[in-house]
Amino acid sequence: MSKALADVRVLDFTHVQSGPTCTQLLAWFGADVIKVERPGEGDATRGQLRDIPGVDSLYFTMLNHNKRSVTLNAKTAKGKQVLDSLIAHCDVLVENFAPGAMERMGLTWAHIQKVNPRMIVASVKGFGPGQYEHCKVYENVAQCAGGAASTTGFDDGPPVVSGAQIGDSGTGLHLALGIVTALYQRERTGRGQQVLAPMQDAVLNLCRVKLRDQQRLERTGTLHEYPQYPDGRFGEAVPRAGNASGGGQPGSILRCKGWETDPNAYIYFITQAAVWPAVCQVIGEEGWIADEAYATPQARLLHLKPIFARIEQWTMSKTKYEAMEILNRYDIPCGPILSMKEIAQDPGLRKTGTVVEVDHPTRGRHLTVGNPIKLSDSPTEVTRAPLLGEHTDEVLAELGYSAGDLELLRSEGAI
Ligand code: COA
């Protein structure tokens with residue numbers, strides 16, 4: 001079967017997490033992704049958080065599937081020549097270096113356009129143009145600067161960053177969409193263009209409901225679905241909402257049977273208006289269906305704490321799986337709090353290939369997250385991450401370099 005991006009060649013100049021997430025997606029969709037790394041060292045994540053001495057880390061192997069690796073010193077004259085051949089050969093260059101690093105390597109937009117006017121140059125930076133544009137940025141900095149941390153956590157505690165890597169992987173996703181959009185436009189114009197996804201902006205895009213709430217707060221002085229309502233006080237900015245649902249349907253995380261010893265024996269429970277009578281039936285509070293203090297969503301907002309306390313009495317009598325099973329019979333939206341251990345063993349995720357096992361020559365078999373985006377005409381086969389420089393000779397031969405050229409480049413430290 002064909003792959004959606006089969007004829008797209010990507011010069012992958014990315015490292016750490018944000019850029020590699022983006023190029024991994026393109027590779028899963030069939031693009032030929034050529035990862036260019038520094039000779040001897042490679043992407044810093046190869047050596048970070050290692051669980052097996054001397055073996056590429058899971059950090060690296062889980063972010064660089066389906067790619068080829070070339071080692072190239074872009075700061076040598078010969079290395080720059082090879083890089084220009086790669087620019088001429090590829091459709092897209094993706095990078096997430098610190099601000100200014102590309103220019104210091106001589107890879108200005110003007111230079112790249114001269115070599116290949118069809119080239120799409122896609123970048124992740126921490127910030128867009130402005131006061132912080134020169135700053136280096138990692139995941140949690142982006143979560144803090146993009147509005148996620150100030151709106152996450154509990155009202156009486158400090159800002160909290162999330163386990164979901166919305167700064168890195170979230171930005172990589174945004175960049176991938178920018179790239180395929182630019183490729184689509186190039187079909188008409190024949191021109192390349194620059195694509196920029198700043199991490200702060202990507203996080204804010206994922207936090208847009210909180211900017212919605214900021215404006216609602218400024219207009220009305222309150223946010224009825226937040227746990228601060230009706231007893232607590234609102235300040236000038238959107239407060240941390242704990243586990244309250246971000247939408248118009250109130251929700252909460254409730255304890256289930258076994259919570260005393262199992263830190264994940266919890267369920268997320270949403271009191272969706274459409275199924276309120278069913279909720280009342282399940283928990284044995286049929287009287288609440290007609291009681292005017294509870295009958296309408298508006299009335300319930302005044303009593304959310306006692307309502308969830310009563311529902312929790314019921315959830316505590318069931319395991320999270322039993323509760324799921326019963327609640328779904330009534331179409332009541334809910335979700336078990338799954339640990340990473342449970343997710344790793346989840347048969348459904350295994351079946352769809354979202355959790356998948358791959359082999360690796362030095363690491364052996366290991367678990368990874370496959371492509372979460374499913375295309376019916378472009379199936380993803382997850383293949384292992386490359387060893388450092390594993391494809392240098394192969395890729396350079398495709399560019400027209402002879403065995404003698406390679407020897408010379410190697411002796412000069414360019415590859
Ligand atoms: N050949 C020669 N030099 C190379 C090279 C190669 N193949 N690959 C990288 N380098 C050089 C760069 O040119 C740069 O040199 P310079 O500082 O002299 O210009 C150097 O390696 C280091 O790159 P840099 O990006 O500054 O790495 P860092 O480890 O200091 O910083 C980040 C890491 C992530 C903080 C930084 O890259 C950054 O802010 N990136 C943008 C935001 C981002 O993506 N953050 C999320 C990361 S998950």
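Numbering of ligands and ligand atoms starts at 1, following listing order.
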List the closest protein heavy-atom neighbour of atom 33 (C) of ligand 1: residue, atom name, distance to the nearest 0.1 Å.
-> Tyr138 OH, 3.5 Å
Ligand 1 contact on Lys136 by region, counting heavy-atom pairs under 4.0 Å = both
Heavy-atom contacts with Asn73 under 4.0 Å: which atoms of ligand 1 show up? List them by number with element.
-> 1 (N), 2 (C)
Please state which protein non-hydrogen atom is closest to atom 5 (C) of ligand 1 and give its distance, to 0.1 Å?
-> Arg38 CG, 3.3 Å
With only distance considered, is Ala74 within less than 3.5 Å of ligand 1 through an N or O on each side?
-> yes
Can Thr354 and Lys374 be said to form a side-chain hydrogen bond (donor to acceptor under 3.5 Å, both in side chains), step by step?
-> CA-CA 9 Å; Thr354 297; Lys374 319 293 183 189; 2.7 Å; yes
What protein heavy atom sits nearest atom 25 (O) of ligand 1, and how far off is it?
-> Ala98 N, 2.8 Å
Quick one: does Met199 get within less than 4.0 Å of ligand 1, heavy atoms only?
-> yes
Could you tell me which non-hydrogen atom of Glu312 sits nearest to which non-hydrogen atom of Arg255, and how far apart they are?
-> OE2-N, 2.8 Å
Would you say the ring centroid of His15 lies under 6.0 angstrom from that of Phe97?
-> yes
Ligand 1 to Asp168 polar contact by distance, N or O atoms, under 3.5 Å = no
Any idea which protein heavy atom is nearest atom 40 (N) of ligand 1, and the distance to it?
-> Asn96 O, 2.9 Å
Under the ring pair (Phe, Tyr, Trp, His ring centres under 6.0 Å) rule, what pairs show up with a residue in residues 350-406, not counting sequence neighbours?
-> none
Which heavy atom in Glu103 sits nearest to a heavy atom in Thr108, and how many Å separate them?
-> CG-CG2, 4.2 Å
Should you measure from each heavy atom of Gln17, which atoms of ligand 1 turn up under 4.0 Å away?
-> 48 (S)
Using a strict cut-off of 4.0 Å, indicate which atoms of ligand 1 neighbour a heavy atom of Val124.
-> 41 (C), 44 (O)
Please state which protein non-hydrogen atom is closest to atom 45 (N) of ligand 1 and give its distance, to 0.1 Å?
-> Val137 O, 2.7 Å
Leu183 side, atom CG; Gln193 side, atom CD - distance, nearest 0.5 Å = 9.5 Å
Ligand 1 atoms in contact with Val16 (distance to a heavy atom under 4.0 Å) = 47 (C), 48 (S)
Between Cys135 and ligand 1, is there a nitrogen or oxygen pair with a distance under 3.5 Å?
-> no
May I ask you to check whether Ser18 and Asn96 show a side-chain donor-acceptor distance below 3.5 Å?
-> yes
Pairing of Arg384 and Glu390 as salt bridge, 4.0 angstrom limit | yes
Protein heavy-atom partner closest to atom 17 (O) of ligand 1 - residue, atom, separation in Å | Arg104 NH2, 3.7 Å
Thinking salt bridges, do Arg9 and Asp32 make one under a 4.0 Å N-O criterion?
-> no
With atoms numbered from 1 as shown, which atoms in ligand 1 lie under 4.0 angstrom from a non-hydrogen atom of Ala101?
-> 19 (O)
Which ligand 1 atoms does His15 reach within 4.0 Å, using its non-hydrogen atoms?
-> 25 (O), 27 (O), 33 (C), 37 (O)
Is it the side chain, the backbone, both or neither of Leu72 that has a heavy atom closer than 4.0 Å to ligand 1?
-> backbone
Heavy-atom contact under 4.0 Å between Ser18 and ligand 1?
-> yes
Interatomic distance, Trp259 atom CH2 to Leu254 atom CG [nearest 0.5 angstrom] | 12.5 Å
Does a donor on one side chain sit under 3.5 Å from an acceptor on the other, for Thr45 and Gln17?
-> no
Can you say whether the rings of His65 and Trp28 are parallel (under 30°), tilted (30 to 60°) or perpendicular (over 60°)?
-> parallel
Proximity winner for atom 16 (P) of ligand 1, if only heavy atoms of Met105, Glu41, Lys75 are counted = Lys75
Ligand 1 to Glu37, heavy atom cutoff 4.0 Å, flagged ligand atoms 7 (N)
Pairs touching residues 164-188 that satisfy salt bridge (Lys or Arg N to Asp or Glu O under 4.0 Å), sequence neighbours left out | Asp91-Arg186
Looking at ligand 1, does Glu139 have a heavy atom less than 4.0 Å from it?
-> no
Looking at Lys3 and Glu381, does any basic side-chain N land under 4.0 Å from a carboxylate oxygen?
-> yes
Of the protein's non-hydrogen atoms, which lies at the shortest distance from atom 9 (C) of ligand 1, and what is that distance?
-> Phe97 CE2, 3.4 Å
